[in-house]
Every structure is written in C-alpha cells, then in structure tokens.
Amino acid sequence: MQYPRIELFAPGHRGCAGCGAAIIVRQILKVAGKDTIVTTPTGCLEVFSTPYPETSWKVPWIHVAFECAGAVASGIESAIKVLKRKRGKFKDRKINVIAIGGDGGTADIGFQSLSGAMERGHNILYIMYDNEAYMNTGIQRSSATPLYASTTTTPAGKISKGEDRPKKDMAMIMAAHGVPYVATACVSYPDDLMRKVKKALSIEGPKFIHVLQPCTTGWGFPPEKTIEIGRLAVETGVFPLYEIEYGEFRLTYRPAKRKPVKEYIRAQKRYRHLTDEDIERLQKYIDEKCKLLGL
Amino acid sequence: MVNIAAIIYEPGNSVRNKTGGWRTFRPILDIKKCIKCEKCYIFCPEGAIQEDIDGNFIIDYDYCKGCLICEHECPVKAITRVREEK
Amino acid sequence: MKKVITGTSAAAEAVRLADVDVIAAYPITPQTTCVEKLAEFIANGELDAEYIKVESEHSAMAACIGAAATGVRTFTATASQGLALMHELLFIAAGMRLPIVMLVANRALSAPINIWCDHQDSISQRDTGWIQIYAESNQETLDSVIQAYKIAENENVLLPVMVCIDGFILTHTVEPVEIPDEKKVREYLGVYEPKHAYLDPDRPITQGPVGVPECYMETRKQIEKAMENAKKVIKDVNEEYYNIFGRKYGNGLVEAYNLENADTVLVAMGSVCGTIKDVIDKMENVGLLRVRCFRPFPKEDIRKFLENAENIAVIDKNISLGFNKGALGIEISSVLKNKKICNYIAGLGGRDVRIEDIKFIIDHVRKADDDETVWVNCKE
Amino acid sequence: MIEIRFHGRGGQGAVTAARILAKAAFYDGKYCQAFPFFGVERRGAPVKAFTRIDDKPIRLRCQIYEPDYIVVQDSTLLDVVNVFEGLKKDGAVIINTVKDMEFDYKTYCIDATGIALEVLGVPIVNTAMVGAFAGATKLVSLESIKKAILETFSGKLGEKNALAAEKAYNEIIKKYGE
C-alpha cells in the first residue's frame with residue numbers, strides 16, 4: 001500500500017472533470033490527517049466544495065473572503081494556542097492549520113495578508129494551488145500567469161502574444177521571508193508532494209508550498225491530461241521541483257534530460273497562438289531560469 | 001430551515017450529490033491486468049477509485065465524472081473507456 | 001477602584017477584565033493608545049491573550065474572524081480609514097454570527113485627511129449587521145465593552161458589537177473611571193463557549209460556505225431577527241449590569257434626559273450629549289434623547305419618548321451626501337410621522353460643538369416652521 | 001467648575017501637565033477632566049491642553065474658551081500665540097519666566113526652567129509648572145500633585161519630578177505668600 005487510505009475530501013463536489021485542485025486536496029489531507037483545520041480563500045476550490053447545504057470537507061473548514069487566508073489562518077492558530085494554554089483543549093495534540101488558496105487569492109489579492117502571516121511566524125502551512133489564472137471567474141490573468149499565456153484579460157491578438165510578463169516567483173518571495181520551509185510541488189508527483197506536506201507539517205513555524213495545478217478548462221487540454229501536463233511542466237524545466245529548508249536550497253527532482261519546452265506548450269490551447277520562434281524564445285528563458293537553479 | 005450562518009454540520013455530505021451523471025465516457029478497470037500501482041487511486045479528482053475488501057481497485061460510478069485521468073495514467077492499460085449510453 | 005484614565009485605556013481595561021483570548025490590531029489614530037495599553041497588559045502578564053500584530057485593519061478583522069470561528073473571545077480596535085478598510089469583512093463577521101467586539105474611535109474619513117472626531121466611519125458601517133453602541137463617557141466606554149461581550153455572545157443574538165467612542169474627545173481625555181473587580185467581571189461574563197460555530201477536528205463543520213440563492217435570504221432574515229432579539233438583550237444586560245456593578249445607561253438603547261414637560265427635544269449620540277445635558281439643565285422645557293444604540297435601531301423607544309415633543313432637533317456628526325441629512329436625522333424622520341424634525345449637521349472632522357452651538361440649535365428648532373437641515377458653525 | 005488652559009510647545013509635556021493636574025484634583029476628592037488640543041504639530045510647535053476641575057461629575061465635552069487660569073510653560077509663546085484669549089477678567093496667569101512680568105491679570109512668575117535644569121538636568125518644565133499652579137491657586141494640594149507625578153513617572157524620574165513640583169510650589173509661596 002503506497003498511499004494512505006484516509007479520504008477527508010468527499011466526492012460529490014462540483015469541480016470540473018479532471019480537476020487538479022481536487023486531486024491536490026486529496027493528497028494534502030491524506031498526509032495531514034484528521035487533526036487538521038483548513039481555511040480556503042475565495043476561489044474555485046471554495047466554490048465547488050461547499051455549495052450550501054453540501055460540503056466535501058471532512059475536516060473543520062472555513063472560508064472568510066478572497067484576500068485574507070493568511071490572516072484567517074493566523075487567527076485560527078492563535079486561538080488554538082490560547083485554547084491549549086488557557087483551557088487545556090487539544091492537550092498534547094498537534095492541530096495542523098492549513099490554508100489552501102489559489103494563485104489569485106495568494107499571489108495577488110491575498111499577498112499582503114500572506115506576507116504578514118509568514119513574517120509573524122505563525123505555525124501554519126500555506127499551500128498555493130497554482131492554476132496560473134483566475135479560473136473561478138473565467139480565466140483572467142493573475143500575477144502567476146506565465147509569459148505568453150492567453151487569458152481573457154491578456155488575449156492573444158493581432159498585436160498581442162498574450163501575457164507579456166513572466167510569472168511571479170512566489171516560492172522565492174516566500175523564502176525571502178526567512179520562513180523555515182518553502183517548497184514547490186506538482187500534482188503529477190504525489191510522492192514528492194505528500195512528502196513535502198508531511199515534512200512541512202513536522203516543522204514549527206510558517207511554511208509555504210507552491211503546487212502547480214494544470215487546469216483543463218483554463219489551459220485548454222482534455223481532462224485526462226491533467227497529470228501529463230503537470231509532468232511535462234516539470235520534465236521541461238518550466239516548473240522545477242525543489243525545497244528550501246531553513247534557507248538551504250535542494251532540487252527534489254532532476255529530469256534525466258530536460259524535454260523541449262515545445263512539448264509542454266503545444267499541448268495547451270492557451271499557447272496555440274505561439275510561433276516556433278516564440279517558443280524558441282520561451283525555451284531560452286526557461287533554460288536561463290533552470291541554469292540559475294542548477295537544473 | 002437554513003442553519004445559523006449557513007454552517008454545515010454534516011462533514012462530507014456532498015456524497016449525496018452523485019456526479020456520475022456528468023460522464024460521457026466510462027472507464028472500465030480490468031482487475032486481471034491491474035498491477036495495483038495506485039496511480040488511478042491517487043490521481044482521481046473524485047476519490048471515486050477505492051480498494052474493495054479483496055484489495056482490488058473498483059470505480060464508483062456514482063461519482064466518477066469520466067475525466068479518464070485513470071485511463072490515461074494507467075501504465076498497463078488496465079483501464080479502457082466506453083461511451084456512456086442510455 | 002477608581003482611576004483617572006483615557007477612553008482608550010478604559011476600553012483596554014474592559015478587554016483585560018473580560019479575559020479576551022485573541023487580540024488582532026493595527027495602529028491608527030485615535031485608537032492606537034487602546035492597543036498599546038493592551039500590549040502593555042500582555043507584556044506585564046496582566047492579560048493572558050494572543051496578540052496578533054497584523055499588517056492592516058483588514059487582516060485584523062480577518063484574524064478576529066478566524067479566532068472567533070475557532071471559539072475564543074476576540075477584540076480589535078480601529079477608526080476611520082481602518083474601519084473603512086474592514087468594511088467587507090464586517091459583513092462576514094456578522095454573517096458568520098461571530099461575537100467579535102471592536103472599539104471604534106470615531107474619526108472622520110478622507111479626503112481631505114482628518115484625524116479628528118465625527119461619526120462618519122461607524123455610521124457608514126450601518127448595514128453590516130454589527131450592533132453599534134455609542135458611549136458618552138469613559139466610564140460608559142468601559143462598561144459598554146464589557147456589556148458588548150454579554151450581548152454579542154447571547155445565544156439569541158450572536159452578532160458582533162462595535163463600541164463607538166468619540167476620537168480625542170473621549171479617547172484622549174482623562175477622567176475618573178470606576179474599574180470593576182476582575183473576578184466579578186469574569187464571573188459575570190463567564191468563558192465564551194459557542195455552540196454554533198467553532199473549528200474543532202472532533203466536530204468537523206464547514207463555516208462560510210457558498211450561500212446559494214436557496215439559503216442566502218434566510219441567513220439575512222436570521223440576522224434581522226437576531227437584531228430584534230438584541231433590543232431586549234441590550235435592555236436586560238443594562239439592568240443586570242446595574243444590579244451587579246451599579247451603573248446603567250438609560251434603558252440600554254436610549255437615555256431619556258429631562259423629557260418630562262419638554263416641548264423641545266434634542267436627539268444625539270456620543271459625547272456631545274454631555275455638553276447638551278449641561279446646557280439644557282439651565283433651560284426650561286428642553287430635553288435630550290440620547291440614542292445609545294444605533295443598531296439595532298430603537299424605533300419603539302424613540303416613538304415613545306418623542307411622542308409629546310413639538311420641536312425635535314436631531315444632531316448628526318455625519319452626513320449622507322446627496323441627501324443633506326445625517327443618518328440619525330433620516331432614521332428619526334422615518335420613525336416619526338407628522339412631527340417637525342430639524343436636522344443639525346455638527347462637529348464634522350473635529351469641529352468643536354460648543355455651548356453656543358447647542359443654544360443655537362435649541363433656538364433654531366423652536367423658531368423653525370418646518371423640517372430643515374442646518375450645518376452648524378460652518379462657513380460657506 | 002474651574003477651567004485651566006496650558007500653553008506649551010510640542011515635547012514640553014503640556015498634555016502630561018494637564019493630566020497630572022486632573023489626577024491631583026481627583027486625589028483631592030474632586031471630579032476632573034483633562035484633554036489635549038490635538039493638532040498636527042510636532043516637537044517645538046505651540047500646543048494647548050486643558051483641565052477641568054469640579055465638585056460634581058463633569059459632562060461638558062467642548063473645548064475651553066473662557067479659562068479661569070492659564071499656565072504658560074514657555075514665555076517665548078507670548079510672541080507667537082495670544083495666550084490670554086478668553087481668559088476670564090478675574091482669571092490668573094502662571095508663567096515660566098526669569099523676569100517679573102505684569103499683565104492685566106493676576107500673574108505668577110516662576111523660573112521653572114531654572115528649577116527643571118537644577119533638579120532634572122533637562123529643561124522640561126511641566127511638573128514644575130503644575131507645582132507652581134498648586135502653589136498659586138491652592139486648588140489642588142501639593143501632596144496630590146506629587147502622588148500624581150509619581151504615578152505618571154516611575155522610579156527616580158518620578159521622584160525628581162515630584163521634587164521639581166515641590167520646589168516650584170515653595171518658590172511661589174515664598175514669592176507671593178500663602
């Protein structure tokens with residue numbers, strides 16, 4: 001038996017067929033276990049998992065607003081501390097406080113709140129499931145949208161190649177907060193992702209994991225390819241997997257030979273406007289980034 | 001009656017929402033070919049693939065939305081697709 | 001024990017006495033001295049609480065929501081721009097039925113930027129589902145914060161409460177305040193033990209789900225019902241508090257002052273009521289109806305107490321731009337039929353409301369033929 | 001009701017002086033209120049603070065326009081602001097100066113800077129001025145002033161400030177009689 005059998009995210013949710021976010025949540029909760037409280041900012045996950053009177057969550061869960069998951073998690077963590085200290089509740093139990101937010105709720109509107117929570121040193125784990133755009137509202141660009149991706153607010157057109165800015169590097173920004181643990185992970189590598197969640201939860205203080213989540217609807221690929229696309233992102237070096245533990249950087253996966261970025265790009269509709277020359281430029285950009293990480 | 005603050009007190013009660021009706025294609029798992037690598041299990045967005053008491057993986061068609069990640073990821077082609085027909 | 005302290009210190013003392021568990025706050029004038037005092041209490045071991053030094057008022061309220069939803073007693077304080085920044089979360093705190101208590105040090109809103117007192121900040125949060133209590137003195141500030149927990153945590157209410165005090169006029173003024181016995185207050189309040197909402201792995205509930213059209217309206221109606229319930233609870237708490245601590249404020253919702261035989265009645269909120277009382281003590285047939293609780297709005301009491309008034313002068317330290325009336329003026333007019341009600345916009349942005357201004361208002365309303373709005377002591 | 005207005009410069013502790021006076025009145029069994037006039041002034045700019053003292057609870061919340069007393073912490077303020085504005089005809093002035101000044105009001109001159117420099121080593125005159133006020137008006141007792149000062153400043157600093165107040169108090173009595 002490879003994976004824990006515990007299921008804390010129930011079926012019946014309204015996620016798209018092939019939704020990577022749902023897979024990520026299943027994987028997270030398998031390692032986090034029952035003694036976990038989850039907060040989710042507004043976003044796809046929040047919406048598809050809790051249309052009243054139904055919930056898919058089997059752990060205590062709370063949604064407050066779009067831009068404040070970091071602060072909400074801070075409040076929960078502080079309350080647990082107080083309950084332990086003043087009332088003897090949860091005595092000798094480790095209660096995990098996990099925020100699971102999309103890239104919009106994390107890298108954009110929730111960025112300040114997240115930064116505050118990380119800087120203050122709360123014992124929380126923040127997981128960003130990154131589908132590289134505002135999928136909940138219909139594929140608008142976020143600061144996590146990668147270069148050249150076409151979204152509804154950065155559409156490719158006669159004079160536009162889609163998004164004109166490179167992706168914001170959230171993991172490195174979080175690492176700059178000096179938190180004890182930062183990692184990147186991808187839905188397609190469950191062993192790696194689950195090991196990182198487990199490790200993060202064993203560390204006291206603020207932790208951040210950036211998880212890539214290919215989105216069938218937003219990226220434009222058939223639902224069965226969610227895992228394959230994620231794998232391509234990693235194998236091409238578009239999305240390197242690493243962890244930074246107490247400031248020490250370590251690649252956690254090194255492709256035997258990096259695949260051409262073209263394979264990843266051509267598999268998605270959001271990039272279909274790109275010419276071979278465009279992809280060549282992207283390849284160069286990715287090569288440089290990989291070189292920096294020693295990949 | 002709506003609960004105070006619309007709090008939901010029944011954990012995981014979305015199970016009453018059977019999403020099997022979403023399917024266009026139905027994955028069929030051939031347990032004879034299955035090598036129990038658990039890929040379909042860990043990659044199913046619905047958690048609709050579970051082990052039965054004999055240790056075989058079975059697909060819960062009440063919830064399977066027919067995304068076919070399982071079919072696509074199966075290393076031994078133990079899962080195949082058929083058109084849903086009414 | 002009596003101490004000469006500021007309004008913000010009085011609020012902080014109340015928070016200490018209430019044994020609050022989690023405080024999340026961000027500094028803003030003229031509230032800051034409150035959260036500084038609380039930091040001092042914690043630093044000296046006089047209050048055992050987690051103090052989250054958040055990076056904005058938005059996060060202050062979000063952290064309070066997170067903590068309150070985990071089942072502990074919470075407090076924050078803010079003013080003006082900070083309260084405005086919290087706006088969307090105020091709806092959420094009320095919608096999630098979390099008994100958060102907040103001190104609002106009333107201050108004008110930008111632009112132009114102004115740090116001084118008026119009520120525009122809290123009045124602008126009128127419809128968020130928060131109970132609003134306006135205190136007249138530092139003593140009432142302390143008592144109201146303690147009472148706020150009793151009211152907010154009442155099972156028939158379960159709504160957040162903001163205690164509003166006039167910036168500088170109370171926050172930075174020292175005066176004698178009776179500080180009740182800690183043990184007595186803690187006995188009175190007890191420990192907050194929610195039945196409806198708390199995050200606990202042993203009882204995994206979902207808080208803050210998607211309120212689909214089939215349920216949303218009901219949740220709003222439930223809050224309205226809770227507001228209605230709050231009227232009685234606030235009155236009861238006012239009495240109960242009097243019996244234990246020896247102080248009460250009118251009937252809890254409104255305070256009637258010199259209303260017998262009054263043909264002219266001033267209606268106002270907050271610290272200006274003290275000045276009004278001093279002025280009308282020396283006059284004939286002038287009374288004051290102090291609205292202590294703005295939400296829930298005490299319609300019934302207002303009708304009852306203003307029944308015999310001929311000249312009603314409503315003083316507002318806020319303005320509904322485009323309607324040329326203050327919020328209290330609008331609401332009093334909607335509650336009373338066939339009455340002459342003049343609205344006086346006064347004290348915006350820290351403009352002092354002087355004795356002569358009160359005298360002017362009384363004189364003006366008595367002479368007025370019809371409803372009128374007057375900007376008091378305001379140049380063209 | 002007695003109303004007192006303090007004039008000082010930002011950083012000289014006029015607000016603290018107003019509060020110490022209020023607390024002292026409270027220790028004498030009276031009701032009191034003290035509040036600043038908060039502007040945007042920083043260190044050095046002219047500032048005002050107010051104290052009210054009464055035998056019954058004080059409800060008035062407006063500023064003080066016709067004070068019974070003014071306390072001028074810095075005589076150079078005379079050139080900058082009209083410190084006498086609204087002062088009642090039978091009101092009095094307590095002013096920090098090395099000179100013997102005469103105004104249209106009963107005037108008490110005190111070299112509070114001298115006392116502050118001697119006792120505290122810094123020219124912060126607020127506690128000396130409160131002591132002088134007590135000596136001049138007898139509205140509050142020296143004991144209560146000292147108690148309020150010791151409550152405001154901890155340890156040695158409190159003791160020194162209480163001494164400064166006492167010196168100023170005695171100085172005024174010596175100069176103007178009981």
Side-chain angles (χ1 to χ4, degrees), chain A residues 8 14 33-42 46-83 85-87 89-90 93 95-97 99 110 112-117 119-120 122, chain C residues 19-24 26 48-74 76 86 88-89 91-93 95-96 98 100 191-193 197-216 218-219:
Chain A
L8 293 167
R14 270 76 164 173
K34 271 183 178 328
D35 276 359
T36 298
I37 296 171
V38 173
T39 180
T40 300
T42 310
E46 169 260 330
V47 170
F48 77 63
S49 65
T50 67
Y52 185 86
E54 285 172 15
T55 182
S56 297
W57 298 88
K58 293 165 119 176
V59 292
W61 178 92
I62 184 171
H63 159 252
V64 176
F66 198 2
E67 66 288 54
C68 56
V72 173
S74 306
I76 297 166
E77 183 251 12
S78 299
I80 287 168
K81 261 192 191 163
V82 160
L83 285 169
R85 185 171 72 229
K86 284 169 85 171
R87 318 241 189 285
K89 201 177 171 181
F90 306 130
R93 273 166 75 181
I95 309 292
N96 305 312
V97 178
Q112 173 181 320
S113 177
L114 168 66
S115 177
E119 168 274 317
R120 288 190 300 270
H122 294 280
Chain C
D19 195 19
V20 166
D21 299 306
V22 172
I23 296 157
Y26 187 76
D48 183 4
E50 283 296 310
Y51 187 164
I52 314 176
K53 278 80 75 181
V54 284
E55 79 301 328
S56 74
E57 288 88 353
H58 195 282
S59 285
M61 187 45 63
C64 281
I65 290 170
T70 313
V72 301
R73 195 169 279 161
T74 59
T76 187
M86 282 182 187
E88 70 148 351
L89 289 176
F91 284 96
I92 294 170
M96 296 182 88
L98 300 172
I100 298 163
V191 171
Y192 172 51
E193 279 173 13
Y198 57 93
L199 295 165
D200 182 343
D202 296 333
R203 174 184 172 266
I205 64 168
T206 286
Q207 293 190 65
V210 180
V212 292
E214 291 75 24
C215 81
Y216 182 83
E218 283 72 19
T219 63

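Below, chain A is the first sequence line, B the second, and so on; all start at residue 1. Please read these numbers as outputs of a predicted model, since none were measured by experiment.
- With a 4.5 Å cut-off on non-hydrogen atoms, I37(A) touches chain C through its side chain but not through its backbone.
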*What's the verdict on side-chain contact (heavy atoms from CB on, under 4.5 Å) for H58(C) and C68(A), showing C-alpha distance, side-chain angles and the deciding distance?*
CA-CA 8 Å; H58(C) 195 282; C68(A) 56; 4.0 Å; yes

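- Annotation: maximal heavy-atom pairing with chain C below 4.5 Å, among K58(A), R93(A), R85(A), occurs at R85(A).
- Only the side chain of V72(C) comes within contact range of chain A, judged by heavy atoms closer than 4.5 Å.
- Taking all atoms of both residues into account, the shortest heavy-atom contact from A63(C) to V54(C) is CB-CG1, 4.3 Å.
- Looking at T40(A), its side chain never comes within 3.5 Å of a backbone N or O of E46(A) through a donor-acceptor pair.
- Ranking E54(A), K89(A), E77(A) against chain C, the residue ahead of the rest is K89(A), based on heavy-atom pairs under 4.5 Å.
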*Begin from the C-alpha positions of S78(A) and H122(A) and carry the test side-chain contact (heavy atoms from CB on, under 4.5 Å) through to its verdict.*
CA-CA 8 Å; S78(A) 299; H122(A) 294 280; 3.7 Å; yes

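- At a 4.5 Å heavy-atom cutoff, Y51(C) makes no contact with chain A through either its backbone or its side chain.
- Put simply, of V212(C), D48(C), I65(C), I52(C), the one with the most heavy-atom pairs under 4.5 Å next to chain A is D48(C).
- Contact annotation for E88(C): only side-chain heavy atoms (C-beta onward) come within less than 4.5 Å of a heavy atom of chain A.
- Taking 4.5 Å as the limit, every side-chain heavy atom of P41(A) sits out of range of all side-chain heavy atoms of E67(A).
- For A68(C), no part lies under 4.5 angstrom from a heavy atom of chain A.
- Judged purely by distance below 3.5 Å, without hydrogens or angles, the side chains of W57(A) and T50(A) never pair a donor atom with an acceptor atom.
- Note that NZ of K53(C) and CD of E119(A) are 10.0 Å apart. Values are rounded to the nearest 0.5 Å.
- Taking 4.5 Å as the limit, every side-chain heavy atom of D200(C) sits out of range of all side-chain heavy atoms of P60(A).
- With a 4.5 angstrom heavy-atom cutoff, L199(C) touches chain A via backbone and side-chain atoms both.
- For V59(A), the part lying near chain C is the backbone, with the side chain staying farther off; criterion is any non-hydrogen pair under 4.5 Å.
- At a 4.5 Å heavy-atom cutoff, T39(A) makes no contact with chain C through either its backbone or its side chain.
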